[in-house]
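Here is the structure we will look at, set down as structure tokens.
Lettering follows sequence order; numbering is per chain, from 1.
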Amino acid sequence: MKKSQGQVLLGISIVTRASVLAILIGLALNLKYLNWKNGYNLSRLVGLAAGEWWKLFYEIYDGFFSMFGDPLTIAQSNAGMTWSIRIMGVPFTDPIAFLSVLLKNHHIEVGFGLGLIIPLTLSLTFGRVFCSYVCPASLLFFSTSRLRRFLLKFFYFPDVQMSRGSAYGVLCGGLVLSYIFTHGVWTHILPYFAIGQTIFHAIGFGTLSSCFVVILGFVLADLLLGNNFTCKYLCPTGQLLGFIGSKSVVSIKRDAADCIDSCNACTVVCHLSVNPKVDETKNCSLCGECLIACPTKCLSIGVRP
Amino acid sequence: MKRRNFISSFIIGLILPFIMPLVSKFQASPLVRRFLRPPGAKSEKEFLDLCTACGQCANVCPNQCITLLGFEEGLDQLATPAIVARSRACILCMACTQVCPTGALEKLPMTEEGKKSVNMGKAVLMEDICFSYHGRTCGACYRACPLPGKAMTIGLYEQPTIIEDACVGCGLCEQACIHMPQAIRVIPRFEIEQNEASKS
Ligand code: SF4
Ligand code: SF4
Ligand code: SF4
Ligand code: SF4
Ligand code: SF4
């Protein structure tokens, strides 16, 4: 059976998000590798000091980074969290990090500004794709929404409807907080940053970050208040990217001739409350769920006419 | 109606982040521990304005000496990098200064000159507990100092003397001191800045 476009996209999105998660874990493990590389530079010593598994890990990292040049330098060109990260020396900057720093300082480091290029280009071309293809938190919320669907068979949970204004409220509130205190407050506001911190603290330092509580809060909100409540109403990043990408080059398209008037499947299934039925494209993250849900397959993803 | 909905939601959203300052009030009493900022850090205020808490410096430190703070030092230092010299001091490899994206840590070269331009704090010696000043020759701190003879000199019976102008505050002496508690410790730069500000 040939897979439909929607199924392919959903598959890709799960793979890419899982890779992002793997990268975050890998970066935290980088800390151990660097320490051993700098201190021992010999896998046998790592084996003696930390055990056979860590020796294997050390050898894999060493082999991998050696492919690109001096392993120590290459390993050090990878660092950070989804908020501001450097992969093989290429910087990525979260637009909110940029706003937050800009508000407090009049001078912006060139590399920090350049880090905006890839995220902005991506949102201007594909819309809110960050949410379905990159954000490590969305994988968690994806599973939570499946759990919620299952639990709804036995219990009743409300489905709170708000306006997306709340996410802009969180954005402004966060900016005020970061202006008063430090940019670090975003670790406890942005879901993906909280996940990055938790992973980094757990693996790098062996401690449980207080961000864990925040993640728990978001998961509970998703479970009890509504499907993907956090992404729809609380996360400022998703909202901002949706705004930036509201006129994206690639978007969802509907073949009006095939669309059934009484059908509502796409609107019901969308986890970000986009309404493809009335050709709404703002906030669409190209996840492909509505493409699967549509009985006549009249939805597709392509270049905006 | 739609606008009213937007505004009320906006206000709910606006309030949400402010739960954090309230919650952080309930923390256990803060750990009174001295910590240093990584090398290349600007003056404390500038540093806090610039640091985005991205953790890149902690991620590349081959010495694993940088940790990221939690709520213990208050909200205005949340998730910023810190070095506790007694548990692990900075070896001045300058890797962290190369990656900091926002310039909170100034880029410093990995040379002798680069090392000398660091200002993380100043070491102070407590002669009353130092072994060398009590007839037991020690000198462990001198052996650890990355700027021997410049930041620290050593005399009869391995008695150390700190030359304050040249000390960069890396904390290696504090880590190395074999006396418990440490007879030599680094006063962080922000503490010195505070003291000077309160004096003037
Ligand atoms: S809305 Fe926020 S938390 Fe949700 S997927 Fe997008 S970036 Fe991640
Ligand atoms: S200079 Fe090197 S050892 Fe010191 S904090 Fe930076 S990365 Fe770590
Ligand atoms: S790399 Fe720079 S901005 Fe990032 S946490 Fe360290 S000091 Fe702060
Ligand atoms: S005296 Fe201590 S803190 Fe100062 S440079 Fe030497 S080792 Fe570092
Ligand atoms: S290591 Fe400690 S006890 Fe030994 S000489 Fe230095 S300060 Fe004194």
Nearest 0.5 Å please: distance from the [atom1] atom of [X] over to the [atom2] atom of [Y].
| X | Y | atom1 | atom2 | answer |
| --- | --- | --- | --- | --- |
| B:Ser9 | A:Leu234 | OG | CG | 10.5 Å |
| B:Cys54 | A:Phe200 | SG | CZ | 9.0 Å |
| B:Asp76 | A:Phe181 | CG | CZ | 7.0 Å |
| A:His188 | B:Phe71 | NE2 | CZ | 3.5 Å |
| B:Ile7 | A:Ser166 | CD1 | OG | 13.5 Å |
| A:Gln161 | B:Asn5 | CD | CG | 9.5 Å |

[X] side-chain N/O to [Y] backbone N/O, donor-acceptor pair under 3.5 Å:
| X | Y | result |
| --- | --- | --- |
| B:Asn59 | A:Leu27 | yes |
| A:Asn35 | B:Pro62 | yes |
| A:Glu109 | B:Pro101 | no |

What pair of heavy atoms forms the shortest contact from [X] to [Y], and how long is it?
| X | Y | value |
| --- | --- | --- |
| A:Trp83 | B:Thr52 | NE1-O, 2.8 Å |
| B:Leu68 | A:Met81 | CD1-CE, 4.0 Å |
| A:Leu177 | B:Met20 | CD1-CE, 3.9 Å |
| B:Ala58 | A:Phe205 | CB-CZ, 4.3 Å |
| A:Thr182 | B:Leu48 | OG1-O, 3.8 Å |
| A:Gln76 | B:Val99 | O-CG1, 3.7 Å |

Looking at [options], which has the largest count of heavy-atom pairs under 4.5 Å with chain B?
| options | value |
| --- | --- |
| A:Gly89, A:Gly169, A:Gly80 | A:Gly169 |
| A:His107, A:Arg164, A:His201 | A:His201 |
| A:Cys172, A:Ala28, A:Gly111 | A:Cys172 |
| A:Gly174, A:Gly39, A:Ser163, A:Cys211 | A:Ser163 |

Checking B:Ile66 against chain A: side chain, backbone, both or neither under 4.5 Å from a heavy atom?
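B:Ile66 touches chain A through backbone heavy atoms alone.
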
Under 4.5 Å heavy-atom distance to chain A, tell me which part of B:Ile15 shows up: side chain, backbone, both or neither.
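For B:Ile15, neither part sits under 4.5 Å from chain A.
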
Which answer fits [X], side chain, backbone, both or neither, if we ask what part of it has an atom under 4.5 Å from a heavy atom of chain B?
| X | answer |
| --- | --- |
| A:Tyr168 | both |
| A:Thr187 | side chain |
| A:Lys37 | neither |
| A:Leu171 | neither |
| A:Asn78 | backbone |
| A:Tyr179 | neither |

Taking atom [atom1] of [X] as the centre, report whether more than 12 heavy atoms of other residues, nucleotides or ligands fall under 6.0 Å from it.
| X | atom1 | answer |
| --- | --- | --- |
| B:Met180 | CE | no |
| B:Tyr157 | OH | no |
| A:Phe212 | CZ | no |
| A:Phe243 | CZ | no |

Show your reasoning for whether side chain to side chain contact (heavy atoms under 4.5 Å, CB included) applies to A:Asn38 and B:Ile91.
CA-CA 11 Å; A:Asn38 197 48; B:Ile91 55 174; 3.8 Å; yes

With no hydrogens and no angle check, do the side chains of A:Ser84 and B:Gln56 hold a donor and an acceptor under 3.5 Å apart?
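Present: a donor and an acceptor within the cut-off.
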
Let's test your reading of the structure: which of B:Ala95, B:Cys51, B:Gly55 forms the most heavy-atom pairs below 4.5 Å with chain A?
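Of the candidates given, the most pairs with chain A belong to B:Cys51.
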
